[in-house]
S.K.: 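Below you will find the structure I want to go over with you.
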Amino acid sequence: MFSLIKLRRVFTAFHEDSIISGYRHPRSSATDCVLSLFQLTNETFNVWTHFLPTWYFLWKLMTVLLMEDALYDAYTWPLLVFLFSCCVYPLASSCAHTFSTMSTCAHHICYFFDHGALSLYSLGKGGTHRHIHFNTISSLACYRNYCHKDESPRLSKVLRILAFAYPYLFDNIPLFYRLFLCVGEGCTDNEANSIHVHHTLFAFLTGFLFATHLPERLAPGHFDYIGHSHQLVHVCAIIGTHFQMKAIEADMVLRQSQLLVTAPPITFNNTVGSSLVCVCISLGIICLYSLPLLYGSSETHSASAKGKKCKH
């Protein structure tokens, strides 16, 4: 499937820590970017490890949608929002990794959309109207890409970790209490708990790999094409999302009678409505940071064209 030709030339743009070779040309065309998916570069498996699972989650979403009365049963709406977000975030990620080498401007904008999709996923798994909290992913991550990636790599890394860690930890406070602190009567103890534990372990493993750049940090250049931390982050994130989906499905079946009585009412506003608000806020943040880049890029292009004209 993949060409055995490895791209060994090193480009200075879009350089990642401890990844020495396998970079694509920083001014690739859209066609070049698509064709590179069938060559062995340091981005190839970053794309496929998220593009293929997108179809798995889309199949799961369609399975629920085709259930009788699923659209009219409010009890399934949080699951539908969650599954939709599970389709969007790996697709946005795979597109970002595919087209990010078209230009510096494209690189930033691609990852703005990537982080915006993660914001939607955070809301989807939260299942509430707390969209303001979860849009910190879009705002902090865009700020990190726009202002600090090149001039302050360490601050950039801290901002990015914070953008992902804060929504995850905030969203899962009730789950952590249920799994690790709640004892005695009134605590939920069913087979879904063990699945939640698996999801939690993979979530923390994802964060650990993302923060430490292991294993390539121990042997720079040896994991450029296969096995570097970002590929492992993708794999762990997808496996964790799978376990999360299974845990949610198990809880919906095992606790349905309890949830229908004790949980807050499920409405359009706190499911689909809040997701739409999240999408609008994320798109607004993306536009806020993208427009200056596009404007600056057009000015640079015009100045370059004028310079060439003067030479003639």
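Predicted, not measured: the structure shown is a model, and the values here were computed from it.
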S.K.: Does F113 belong to the same Ile/Leu/Val/Met/Phe/Trp/Tyr cluster as Y289, with side-chain heavy atoms less than 4.5 Å apart forming each link?
M.R.: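 F113 clusters together with Y289.
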S.K.: When the ring planes of F210 and F164 are compared, do they come out parallel, tilted or perpendicular, using 30° and 60° as the limits?
M.R.: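 Because their plane-to-plane angle is over 60°, the rings of F210 and F164 count as perpendicular.
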S.K.: Is any side-chain N of the basic residue among K246 and E191 closer than 4.0 Å to the acidic one's carboxylate O?
M.R.: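 Salt bridge between K246 and E191, a charged N being under 4.0 Å from a carboxylate O: no.
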S.K.: SG to SG, are C110 and C95 under 2.5 angstrom apart?
M.R.: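 Judged by the SG atoms alone, which are 2.5 Å or more apart, C95 and C110 are not bridged.
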S.K.: For the atom pair OG1 (T271) and CG (L79), what is the distance rounded to the nearest 0.5 Å?
M.R.: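 Result: 11.5 Å between the selected atoms.
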S.K.: Can you tell if the side chain of H234 reaches within under 4.5 Å of the side chain of S93, non-hydrogen atoms only?
M.R.: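 Result yes, sub-4.5 Å side-chain heavy-atom pair found.
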S.K.: Would you find a donor on one side and an acceptor on the other, under 3.5 Å apart, between the side chain of N42 and the backbone of I19?
M.R.: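 No, N42 side chain to I19 backbone: no donor-acceptor pair under 3.5 Å.
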S.K.: Going through the checks in order, is the side chain to side chain contact (heavy atoms under 4.5 Å, CB included) test met by Y23 and T101?
M.R.: CA-CA 9 Å; Y23 292 95; T101 55; over 6 Å; no
S.K.: Working note: M102 + F99, criterion side chain to side chain contact (heavy atoms under 4.5 Å, CB included); need CA distance, chi angles, decisive distance, verdict.
M.R.: CA-CA 6 Å; M102 292 182 65; F99 298 108; 4.0 Å; yes
S.K.: Is there a donor-acceptor contact under 3.5 Å from the side chain of Q231 to the main chain of G227?
M.R.: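 Pair found, side chain donor or acceptor close to backbone of G227.
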S.K.: Do D171 and S122 have side chains that approach each other closer than 4.5 Å (heavy atoms only, starting at C-beta)?
M.R.: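 A side-chain contact is absent here, since even the closest heavy-atom pair is not under 4.5 Å.
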S.K.: Could you check whether the rings of Y56 and H242 sit parallel, tilted or perpendicular, using 30° and 60° as the cut-offs?
M.R.: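 Tilted, since the angle between the ring planes falls between 30° and 60°.
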S.K.: Show, in sequence, the C-alpha distance, side-chain angles and deciding distance for Q256 and L259, and conclude whether the side chain to side chain contact (heavy atoms under 4.5 Å, CB included) test is met.
M.R.: CA-CA 5 Å; Q256 182 171 3; L259 292 172; 5.9 Å; no
S.K.: Is it the case that one hydrophobic cluster holds both L65 and L83, taking links as side-chain heavy atoms less than 4.5 Å apart, direct or via other members?
M.R.: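 Per the 4.5 Å side-chain linkage, L65 and L83 are co-clustered.
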S.K.: Is there a ring pair (Phe, Tyr, Trp, His ring centres under 6.0 Å) between F243 and H198 once you walk through the steps?
M.R.: CA-CA 7 Å; F243 279 124; H198 290 150; 5.2 Å; yes
S.K.: In Å and rounded to the nearest 0.5 Å, what is the OG1 to CD1 distance from T200 to I195?
M.R.: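 Rounded to the nearest 0.5 Å, the OG1-CD1 separation comes to 11.5 Å.
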S.K.: Could D251 and R178 be called an ion pair, given the rule that one side-chain N must be under 4.0 Å from one carboxylate O?
M.R.: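 A salt bridge is present here (some side-chain N lies under 4.0 Å from a carboxylate O).
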S.K.: Tell me whether W48 contacts the main-chain N or O of L37 through its side chain, where contact means a donor paired with an acceptor under 3.5 Å.
M.R.: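 Side chain of W48 to backbone of L37: a pair is present.
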S.K.: For H115 and Y111, indicate whether the former's side chain and the latter's backbone hold a donor-acceptor pair under 3.5 Å.
M.R.: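 Yes, H115 side chain to Y111 backbone: donor-acceptor pair under 3.5 Å.
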S.K.: Below 4.5 Å, heavy atoms only, C-beta onward: do V235 and F45 meet side chain to side chain?
M.R.: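 The answer is no, as the side chains (C-beta and beyond) never meet within the 4.5 Å cut-off.
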S.K.: What pair of heavy atoms forms the shortest contact from A237 to T206, and how long is it?
M.R.: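 Heavy atoms of A237 and T206 come nearest at N-OG1, 3.4 Å.
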S.K.: F223, L232: one ILVMFWY side-chain cluster at the under-4.5 Å cut-off?
M.R.: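 They do not share one cluster, since no chain of ILVMFWY contacts under 4.5 Å joins F223 to L232.
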S.K.: Are H97 and F51 an aromatic pair, judged by ring center distance below 6.0 Å?
M.R.: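 For F51 and H97, the ring centres are not under 6.0 Å apart.
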S.K.: Should F112 and L293 be marked as a side chain to side chain contact (heavy atoms under 4.5 Å, CB included) after you check the CA-CA gap, both sets of side-chain angles, and the distance that decides it?
M.R.: CA-CA 12 Å; F112 290 168; L293 290 173; 3.8 Å; yes
S.K.: Answer yes or no: is there a donor N or O on one side and an acceptor on the other, between the side chain of T76 and the main chain of A70, under 3.5 Å?
M.R.: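 Yes; judged by distance alone, with no hydrogens or angles, the pair exists.
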S.K.: So, do S29 and D32 sit near enough that their side-chain heavy atoms are less than 4.5 Å apart?
M.R.: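 Yes - at least one pair of side-chain heavy atoms lies under 4.5 Å apart.
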S.K.: In terms of ring plane angle, is the pair W77 and F268 parallel, tilted or perpendicular, where the classes change at 30° and 60°?
M.R.: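 Perpendicular, since the angle between the ring planes exceeds 60°.
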S.K.: If you round to the nearest 0.5 Å, how far is CZ of F208 from CZ of F202?
M.R.: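 F202 CZ to F208 CZ: 14.5 Å, rounded to 0.5 Å.
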S.K.: For D224 and I20, indicate whether the former's side chain and the latter's backbone hold a donor-acceptor pair under 3.5 Å.
M.R.: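 Yes.
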S.K.: Determine, step by step, whether T44 and T41 satisfy the side-chain hydrogen bond (donor to acceptor under 3.5 Å, both in side chains) criterion, reporting the C-alpha distance in whole Å, the side-chain angles of both residues, the deciding distance to 0.1 Å, and the verdict.
M.R.: CA-CA 5 Å; T44 304; T41 73; 3.1 Å; yes
S.K.: Could you report the tightest heavy-atom contact between L209 and C236, atom names first, then the distance?
M.R.: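 Distance-wise, the nearest heavy atoms are CD1-SG, 4.0 Å.
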S.K.: How close do S290 and I109 get, counting heavy atoms only, and between which atoms?
M.R.: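 So the two residues come closest at OG-CG1, 3.6 Å.
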S.K.: Shared ILVMFWY cluster between L254 and I248, side chains joined below 4.5 angstrom?
M.R.: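 They do not share one cluster, since no chain of ILVMFWY contacts under 4.5 Å joins L254 to I248.
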S.K.: How far does CG of L179 sit from CG of D189, to the nearest 0.5 angstrom?
M.R.: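 It is 10.0 Å, given to the nearest 0.5 Å.
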S.K.: Does some side-chain heavy atom of S229 sit less than 4.5 Å from a side-chain heavy atom of T212?
M.R.: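 They are not in side-chain contact.
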S.K.: Does the side chain of S275 reach to within under 4.5 Å of the side chain of V279, using non-hydrogen atoms?
M.R.: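 Not touching, per the 4.5 Å side-chain cut-off.
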S.K.: Are any of the side-chain heavy atoms of L123 and S85 separated by less than 4.5 Å?
M.R.: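 A side-chain contact is absent here, since even the closest heavy-atom pair is not under 4.5 Å.
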S.K.: Quick check: are there more than 12 heavy atoms from other residues, nucleotides or ligands sitting under 6.0 Å from CZ of F180?
M.R.: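 Yes, because the 6.0 Å sphere around CZ of F180 holds more than 12 heavy atoms from other groups.
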S.K.: Determine whether a donor-acceptor pair (N or O, by modelled atom type, separation under 3.5 Å) exists between the side chain of N270 and the backbone of P265.
M.R.: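 Such a contact is found between N270 side chain and P265 backbone.
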S.K.: Okay, side chain of T54, backbone of H50: is any donor-acceptor separation there less than 3.5 Å?
M.R.: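 Pair found, side chain donor or acceptor close to backbone of H50.
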S.K.: How are the rings of Y89 and Y121 set relative to one another: parallel (under 30°), tilted (30 to 60°) or perpendicular (over 60°)?
M.R.: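 Tilted, since the angle between the ring planes falls between 30° and 60°.
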S.K.: Roughly how far, to the nearest 0.5 Å, is the CG atom of L120 from the SG atom of C278?
M.R.: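 Atom-to-atom, C278:SG and L120:CG are 5.0 Å apart.
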S.K.: Sub-3.5 Å donor-acceptor pair from the side chain of R24 to the main-chain atoms of E43, do we have one?
M.R.: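 No; judged by distance alone, with no hydrogens or angles, the pair does not exist.
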S.K.: Side chain of S36, backbone of Q39: donor and acceptor closer than 3.5 Å?
M.R.: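 It does not hold such a pair.
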S.K.: Linking I/L/V/M/F/W/Y whenever their side-chain heavy atoms sit closer than 4.5 Å, directly or via other members, would M67 and L260 fall into one cluster?
M.R.: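 The answer is yes; both residues are in one hydrophobic cluster.
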S.K.: What is the distance from atom CG of L169 to atom CZ of F176, rounded to the nearest 0.5 Å?
M.R.: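 Going from CG on L169 over to CZ on F176, the span is 5.5 Å.
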S.K.: I want to check something: taking the side chain as every heavy atom from C-beta on, are E216 and H230 in contact at a cut-off of under 4.5 Å?
M.R.: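 Not touching, per the 4.5 Å side-chain cut-off.
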S.K.: Is Y75 atom OH crowded by more than 12 heavy atoms from other residues, nucleotides or ligands, each under 6.0 Å away?
M.R.: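 Above 12, so yes.
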